[in-house]
Structure formats: C-alpha cells, structure tokens
Colleague: 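Quick one: the structure is below, questions incoming.
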Amino acid sequence: MKKKVFAIAAISFFIIAAIIVFFAQKDSFSLKINDNEISKEEFLAAAAQKRYEVVSYFSEKGGGNVDAKFWEEAVGGELPYEKLTQEAIEELKYFYAVYDMAEEKGYVEDGSYSALIKRWEEENHFRKDKIEKGEAVYGLSEYPLDLYLEYEMDTIQKSYCDDLENEGMEVTEEDRKQYYESNLAFYQREDDRILDYVKIPYSEEGMSDKQVQELKSCLTSIYKKMDKKHSLADLAESEQLVAPYLAHADVTSSELHNYSRSMSDVLEYAWDLKAGESTTVMDENGSLYLIECTDRSENGLTPIEEVKDNINKALREQRYDKMIEQRIAEASVDGDMEYLCIFMKKHIDK
C-alpha cells in the first residue's frame, strides 16, 4: 500500500513539475534575429510600427472596427494578432539588415536597438541643451523616435551609396544608358505653353452676387466671340469689367516649376488645351476663369548628360535596396512563433 501511495505521489510530483516548467517557458520571452537578442520592448515597438498597416489590411478585407475583439476575430482565415506578429518580425529583420550592415561598415559603432535608443536620447538632449542656451537648432527641436530612425536609416543609405568601393556602387556609362532608355517617359520635357487667361477671384474680393453675375455674363459673351481672328486677349482688353483681370504667361518647361506654384489652378485647367483652344467660362472655388492656349510646342528629351547625377543616385539606391532585401531573405529567426503570437495577443493595445 505504501509503495502504491509513493508511486502516485511521485507521478503527481512529476506532473506538477512539468506544468511549472511549461508555464515558466511560456513566460520566458525569447526571440533572435540573426545573432541579435530581441527584447520585449523592441518586439512591441516593431509591432507598433506595423499596427496601422495591419489594421488597413484587414479593413480592406472586411474586418470590423478596431475594438477589443478586433485582434482575435479571424478575417478570411487570418487572425489579426498573428498577422501583426509576422509583420513585427519582418520589421525587425529589416532593421537588422540595415544596422548589421551599418555596424560592419563602421557607419554606427553599435547596431543594436538599445544603442539606437541611446543615440536618439542623446540627440534630443543635445538639441534641448542648445535651445536652452539660445543657440540655433536646425530641423526639429525634438525628434520622435520614428523620425529619428528614418533619419538614421537615410544617413546609412547615403553613406553606403557615396562609397564607390561598396558593391554595386560603381555606375558605368552603359548602366546609365540602359536606365535612361528604360525610363524615357520620365525624361520627356513638358511642352512649352503660351497662355492668356482671365481669373476673377470674386470670393476673395468680396463681390456681391450681382457683380459676379455681370462678370460671368461678360466672360460668356467674350467666349462666344472667340475664334481664329478674335483672341481672348483682344476681346478682354476692350471690356472694362474684365480687362484688369487679363493675364499672360509663357509657361516654358524650364519655368514650369515656378508657374506651378504661382498659378497651379490655371495650369490645371489649361493642361490639355492645344494651340488655339480655350476652356469654357468656369466658376471654381470662388473664382471665374476663361483660359486660352495661344501656342503650344513640344520639347524633346532631357539630354542624358543633364541627368547623369540623378541616374547615378537612382541606380545606387536601387542596388542598396536589393542588397538589404537579400540580407532580409537570408536572415535567421530563432523564436517560438506560437508563444510570440500569444505574447502579442496579450500585450497589444496595452
């Protein structure tokens, strides 16, 4: 009888011990990306970066409101908290693809997440100290972590791309030519346009409804008279009401950027006009418009010599991105996915 009692007690002991070990393991967070130990805080920070993206993904698939039940309700056979776990791991793989390389190249002394946090805090302390001393601080007075991370990653990319000894950073004439010919539409210069137009900002000038109606009737009369012999400019100049609002613009491709800032609305309405064509009388956003394109001429391609530096930059950044993508593809992940999902479900929105 004593032996039987002892055997039952021993079995119970081992069962209890197994349960204790099981739950102890479940409470032990463990995740490695390559040789980098990931802390709980880092894992949750990566999840926070991907949260909006995951919410949008499930919303497009018909998911419900983001409430307490959202993360645990399957949509199309997928659970949001599991998807967020996977995306957080991908975000961490990207982080260490960049920062492991940066550490190898000497762009940062320490590529760990904790070192990033330290640099971020030091940068903000430095800026705060300068402001308190009355010294100039360029950019933000204080960086949010996500913007500081973006700033560092951009700096790392630039450091890599500026070093022509790095793999893929030497760009040949043939490379440039191939890229140029594959993107000819991008290098097509815009047409030169010569425009005459009337723009009357009646809302801004506080005009009455009666005044607006008189001006609209005058513009409509001008529009009906416009033909090959009677231009907008000639007709508007003879009308006392609208003559003060008549304007002219030689919108060459080289000046397009400046005009797009000063008269973006006029350009938008005139964009598709051919030489000799005009808009109708338009009433848009508190203004009256009548626009005529008196001439339009095509321009050729921007010569490759003028965009050489831009092509070099584009090719180097493309090759940098591919190098990072390769590192992500080769990254090792050591962690219990089931436990990580449980951890995510427990801590999301906490």
Colleague: Going by an N to O cut-off under 4.0 Å, is there a salt bridge joining Arg176 and Glu173?
Modeller: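 Result for this pair is yes, salt bridge flagged.
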
Colleague: Check this for me, if you would: do Lys313 and Glu317 make a salt bridge, where the nitrogen-to-carboxylate-oxygen distance has to be below 4.0 angstrom?
Modeller: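 Salt bridge: yes.
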
Colleague: Regarding Glu104 and Arg327, does a basic nitrogen lie under 4.0 Å from an acidic carboxylate oxygen?
Modeller: yes

Colleague: Do the side chains of Glu53 and Lys50 get close enough for a salt bridge, i.e. N-O under 4.0 angstrom?
Modeller: yes

Colleague: For the CD atom on Glu135, are there more than 12 heavy atoms of other groups (residues, nucleotides or ligands in this structure) within a distance under 6.0 Å?
Modeller: yes

Colleague: Testing Trp120, Tyr99, Tyr143, Tyr107 for side chain to side chain donor-acceptor pair (under 3.5 Å) with Glu152, which one passes?
Modeller: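 With Glu152 as partner, side chain to side chain donor-acceptor pair (under 3.5 Å) holds for just one option, Tyr99.
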
Colleague: Does Tyr94 OH have over 12 foreign heavy atoms under 6.0 Å away?
Modeller: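 No, OH of Tyr94 has 12 or fewer neighbouring heavy atoms, counting only those of other groups under 6.0 Å.
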
Colleague: Charged N to carboxylate O below 4.0 Å: is that the case for Asp265 and Lys199?
Modeller: yes

Colleague: Is it the case that over 12 heavy atoms from other parts of the model lie below 6.0 angstrom from the CG atom of Asp227?
Modeller: yes

Colleague: Between Glu121 and Lys118, is there a side-chain N and carboxylate O pair less than 4.0 Å apart?
Modeller: no

Colleague: What do you reckon, is NZ of Lys61 surrounded by more than 12 foreign heavy atoms closer than 6.0 Å?
Modeller: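 Enclosed: over 12 neighbouring heavy atoms sit under 6.0 Å from NZ of Lys61.
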
Colleague: So does Ala275 get a backbone contact from the side chain of Asp295, meaning a donor-acceptor N/O pair under 3.5 Å?
Modeller: no

Colleague: Tell me whether Asp129 is salt-bridged to Lys133, with the criterion being a basic N under 4.0 Å from an acidic carboxylate O.
Modeller: yes

Colleague: What do the steps show when you test Tyr57 against Glu78 for side-chain hydrogen bond (donor to acceptor under 3.5 Å, both in side chains), and what is the final call?
Modeller: CA-CA 11 Å; Tyr57 172 82; Glu78 294 181 286; 2.6 Å; yes

Colleague: May I ask you to list the residues sharing a hydrophobic cluster with Ile194, side-chain cutoff 4.5 Å, ordered by chain and number?
Modeller: none

Colleague: Taking side chain as C-beta onward, heavy atoms only, is Val333 less than 4.5 Å from Leu31?
Modeller: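 Yes, side chains in contact.
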
